[in-house]
Amino acid sequence: MRVFLRRVRRGRTVHGPAGHRPPAHRRLLPWQVREQRFRSTPLGRRGLDPREVQEFLDRVAGELAAAYEALDQSRREVGRVKLALCRLQSERSHARNEREWGR
């Protein structure tokens, strides 16, 4: 435990069991936050208010859902802009070819 705390204080990365790193591309999903449960504290010890923890998790999940929706909407918009750009470039290229052949 002391080694773990020293590593955390020094800013070193601390990995889970057996030292496995979670994949960097995995993102936290809203349903994962909503379903997260915390263990009860042992008798005689202080703990967190489960209601407050759940309210916080719901808030985080809502914000994640909104962020992912905004990201998806942005990606759809980028796709529409790219398609419009391709059409415009194609039309210009076609018009240029017609002018060159018409000479």
Side-chain angles (χ1 to χ4, degrees):
M1 184 66 161
R2 288 181 189 167
V3 172
F4 173 83
L5 293 175
R6 271 188 257 138
R7 287 182 182 169
V8 170
R9 273 189 239 127
R10 291 180 185 159
R12 293 184 186 168
T13 304
V14 179
H15 305 291
H20 294 292
R21 290 180 181 215
H25 66 277
R26 287 180 46 186
R27 64 183 189 181
L28 185 62
L29 300 173
W31 69 267
Q32 292 171 317
V33 174
R34 285 189 181 103
E35 291 184 5
Q36 177 66 42
R37 298 295 176 252
F38 298 94
R39 285 183 245 135
S40 300
T41 57
L43 292 176
R45 294 191 63 190
R46 294 181 182 188
L48 302 174
D49 180 3
R51 184 179 50 81
E52 287 182 9
V53 171
Q54 191 58 47
E55 287 173 4
F56 176 76
L57 293 176
D58 288 340
R59 179 178 166 199
V60 170
E63 290 182 19
L64 278 174
Y68 289 147
E69 177 57 35
L71 180 61
D72 288 340
Q73 185 177 1
S74 175
R75 287 179 176 157
R76 287 191 298 271
E77 182 65 21
V78 166
R80 285 191 292 269
V81 169
K82 283 183 177 181
L83 182 60
L85 179 60
C86 285
R87 287 180 181 159
L88 179 64
Q89 289 173 335
S90 178
E91 289 171 6
R92 284 188 170 185
S93 176
H94 183 69
R96 187 177 344 114
N97 288 339
E98 284 184 355
R99 280 193 312 260
E100 289 175 3
W101 285 101
R103 290 184 183 174

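Residue numbers start at 1 and run along the sequence shown.
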| query | Does Glu100 reach the side chain of Asn97, with side-chain heavy atoms less than 4.5 Å apart? | reply | yes
| said: Please report the interatomic distance CD(Glu91) to SG(Cys86), rounded to the nearest 0.5 Å. | reply: 11.5 Å
Donor-acceptor contacts, no H, no angles, side chain residues 54-65, under 3.5 Å, sequence neighbours left out:
{"from": "Gln54", "atom 1": "OE1", "to": "Arg37", "atom 2": "NH1", "distance (Å)": "3.1"}
{"from": "Gln54", "atom 1": "NE2", "to": "Asp58", "atom 2": "OD1", "distance (Å)": "3.3"}
{"from": "Glu55", "atom 1": "OE2", "to": "Arg51", "atom 2": "NH1", "distance (Å)": "3.1"}
{"from": "Arg59", "atom 1": "NE", "to": "Glu63", "atom 2": "OE2", "distance (Å)": "3.3"}

| Approximate separation, where rounding is to 0.5 Å, of Glu77 CD and Asp72 CG | 13.5 Å
| request: Can you measure from CG (Leu85) to OG (Ser90) and round to the nearest 0.5 angstrom? | output: 11.0 Å
| request: Hey, could you give me the NE2/CZ distance between His94 and Arg87, rounded to the nearest 0.5 Å? | output: 15.5 Å
| query | For Arg92, does the CZ atom have more than 12 heavy-atom neighbours from other residues, nucleotides or ligands under 6.0 Å away? | reply | no
